[in-house]
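Predicted model only: the values in this text are computed from it and were never measured. Whatever order the structure lists ligands and atoms in, that order sets their numbers, starting from 1.
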Amino acid sequence: MNLTLPGGAGFYLNRLSPTPLIPIRLHAGPEIWCKLEFLNPSGSTKDRIARYILEKAWRAGDIGPGSTVIEASSGSTSIAMALACAQLGIRFIAVMPEGVSNERVLIIKAYGGQICLTPKAAGIAGSIAETERLAAECNGFLPRQFANPDNANAHRYGSAREVLDQIPGGAADAVVSGVGTGGTLVGLYQGMSDAGCRVTPVLAKPVKLTWEADIECCSFSPCIPGVVDSMSTIFKNANLPDLCTIEVPDHEAVAATRELMRKGFPVGPSSGLNFVAACRWAEQSAPGSRVVTVLPDRMERYFTTELFAAQP
Ligand code: PMP
C-alpha cells in the first residue's frame with residue numbers, strides 16, 4: 001500500500017487537535033481538571049514536544065529529507081519522535097537504557113524507529129552521552145529534551161493555552177504534575193502565568209516508585225537517585241516561584257491508575273501519580289479552587305510492568 005497523506009510531511013504536524021480537559025469533582029469539593037494527554041496520536045503528551053521541536057527544526061532547515069533524528073529517552077519521547085519522524089519520512093534512532101519495557105521497543109520499531117540500548121548501569125546519562133556520539137558520527141539532529149527550552153515552550157504555547165481556552169473562566173489556581181524533564185510543569189505554569197493567571201505550581205513527587213518503565217517521571221524516586229533530575233536543566237533553570245510538593249507513595253499512584261482505568265481512562269502510572277497529588281492539593285484548597293493536572297500517557301506501554309502484575 002502506498003499511502004499518500006494530504007499536505008505531505010506537514011500533515012502530522014498540523015493534525016494534532018486540543019486534547020479534552022474534563023472536570024472531576026471530589027465530594028462537592030474543589031474541581032480537578034484533567035487534561036487527557038494520553039489521547040495524543042502516539043499516546044502521550046510527548047507528541048507536543050516532538051511536533052514543536054521537529055517542526056521548528058524543519059522550518060529552519062536543520063532537518064529535512066535524508067535527516068536522522070536521535071533522542072535519549074526511556075520511552076514516551078522516543079515513541080512520539082518515532083511517529084513524528086515516520087510522518088516526516090526521516091530516520092529516527094531511540095537511545096535508551098537497557099531494561100526499558102519491551103512494549104516501548106516494539107512500538108518504536110512499529111513506527112520504523114531504530115533502537116540503540118546503552119548499559120543499564122549508566123542510566124539515562126549514558127543514553128544522552130551516546131546520542132552525542134551517534135550525532136557526531138552521522139550528522140544527526142538532537143532534540144535534547146532534557147535541556148531544550150522548546151520542550152517547555154511546547155506546553156507554554158500549546159497545552160497551557162488549550163487549558164485556558166477550555167476551563168470555564170479561563171483561569172486556574174494550581175497546576176499539578178510529576179517531573180521528568182520538567183517540560184510539562186514548567187510550560188503549563190509559564191503559559192498560564194503569561195496570561196495573567198496566578199497559579200501555584202505543584203510537584204507530584206513519587207516516593208519509592210520502583211519500576212524501570214517510569215524512569216523518566218521518577219526523577220526524585222529513591223530507586224534512581226537524582227539520575228534524571230541531574231540531567232534536566234529545564235526544571236532547575238525555571239526555578240519556579242512558590243513551588244509546592246505533594247509526595248505520593250507508589251502503591252497509591254498504582255491504585256489510582258487502576259481506578260482511572262476502570263473509570264474509562266486507559267492511562268499509565270504517572271497519571272495515577274498526578275491524580276493523587278491533584279486530589280491531595282484540592283483537598284487542602286479553598287472551595288471553588290480549580291486544580292489542573294495532566295494524564296500523560298496510555299496504559300499499553302506498561303503491560304509487562306508492575307502496573308499489570310499481581311492485580312488484586
Ligand atoms: N509521564 C510520563 C509517562 C513520562 O514519560 C514523563 C516524562 N517523559 C512525564 C510524565 C513527565 O513529563 P515531563 O518530562 O514533561 O516532566
Side-chain angles (χ1 to χ4, degrees), residues 34-40 42-50 52-53 71-82 94 96-97 100-101 103-104 107-108 124 127-128 143-156 158-160 175-191 201-206 209 211-221 224 227-229 231-238 240 243 248 253-254 256-257 260 265-278 293-302 305 307:
C34 297
K35 188 94 172 121
L36 307 189
E37 288 292 282
F38 64 90
L39 294 178
N40 280 302
S42 86
S44 88
T45 192
K46 297 295 183 178
D47 280 328
R48 293 182 185 275
I49 71 170
Y52 196 93
I53 293 172
E71 182 62 302
S73 153
S74 64
S76 300
T77 302
S78 287
I79 292 171
M81 290 281 173
M96 310 195 285
V100 294
S101 77
E103 299 87 307
R104 290 163 187 251
I107 297 170
I108 291 165
I124 195 76
S127 301
I128 292 172
R144 291 196 176 94
Q145 64 160 335
F146 293 102
N148 189 341
D150 281 333
N151 173 349
N153 286 339
H155 293 280
R156 183 175 191 162
S159 33
V175 57
V176 182
S177 177
V179 163
T181 64
T184 306
L185 186 58
V186 170
L188 281 172
Y189 170 80
Q190 289 174 336
V202 181
L203 168 66
K205 177 176 167 179
L209 227 96
W211 61 89
E212 307 285 343
D214 244 8
I215 193 167
E216 274 185 325
C217 75
C218 297
S219 8
F220 301 91
S221 171
I224 36 168
V227 174
V228 180
D229 182 32
M231 290 298 119
S232 179
T233 49
I234 295 171
F235 188 60
K236 281 200 184 126
N237 293 350
L240 297 181
L243 179 71
V248 180
V254 171
T257 305
L260 285 166
F265 304 102
V267 292
S270 63
S271 296
L273 167 77
N274 286 355
F275 190 70
V276 173
T293 193
V294 294
L295 305 186
D297 77 344
R298 280 205 288 263
M299 69 179 184
E300 73 268 4
R301 49 197 77 178
Y302 302 97
T305 71
L307 183 60

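Checked against a 3.5 angstrom limit, the closest N/O atoms of Ser270 and ligand 1 fall inside it. Here's the thing with Tyr302: none of its N/O atoms is less than 3.5 angstrom from an N/O atom of ligand 1. For ligand 1, none of its N or O atoms has an N or O atom of Val179 under 3.5 Å away. Inclusion of Thr184 in the set of residues having an N or O under 3.5 Å from an N or O of ligand 1 is warranted. The N/O atoms of Thr181, backbone and side chain alike, include one that comes under 3.5 Å of an N/O atom in ligand 1.
Distances below 4.0 Å separate heavy atoms of Lys46 from the following atoms of ligand 1: 7 (C), 8 (N), 12 (O), 13 (P), 14 (O), 15 (O). Near Asp297, the atoms of ligand 1 lying under 4.0 angstrom from a non-hydrogen atom of the residue are 3 (C). The distance from ligand 1 to the heavy atoms of Gly182 drops below 4.0 Å at these ligand atoms: 13 (P), 14 (O), 16 (O). The atoms of ligand 1 that sit less than 4.0 Å from any heavy atom of Ser76 are 3 (C), 5 (O). Taking every non-hydrogen atom of Gly180 and a distance limit under 4.0 Å, the qualifying atoms of ligand 1 come out as 11 (C), 13 (P), 14 (O), 16 (O). Atoms of ligand 1 lying under 4.0 Å from any heavy atom of Pro296, numbered from 1 in the order shown and given with element: 1 (N), 10 (C).
Of all heavy-atom pairs between Ala72 and Gln145, the closest is O-NE2, 3.1 Å. Residue Val267 comes nearest to Leu307 through the heavy atom pair O-CD2, 4.2 Å, listed as atom of the first residue, atom of the second, then distance.
Contact check for Pro149 versus Ile234: no side-chain heavy atoms found under the 4.5 Å cut-off.
Between the Ser42 side chain and the Asp47 main chain, no donor and acceptor come within less than 3.5 Å of each other. At distances below 3.5 Å, not a single donor-acceptor pair connects side-chain atoms of Glu37 with backbone N or O atoms of Asp297. Side chain of Asn274 to backbone of Val294: a donor-acceptor contact under 3.5 angstrom is found.
Here the CD atom belonging to Glu103 is positioned 9.0 Å from the CD1 atom belonging to Ile79, to the nearest 0.5 angstrom. Note that OG of Ser177 and NE2 of His155 are 8.0 Å apart. Values are rounded to the nearest 0.5 Å.
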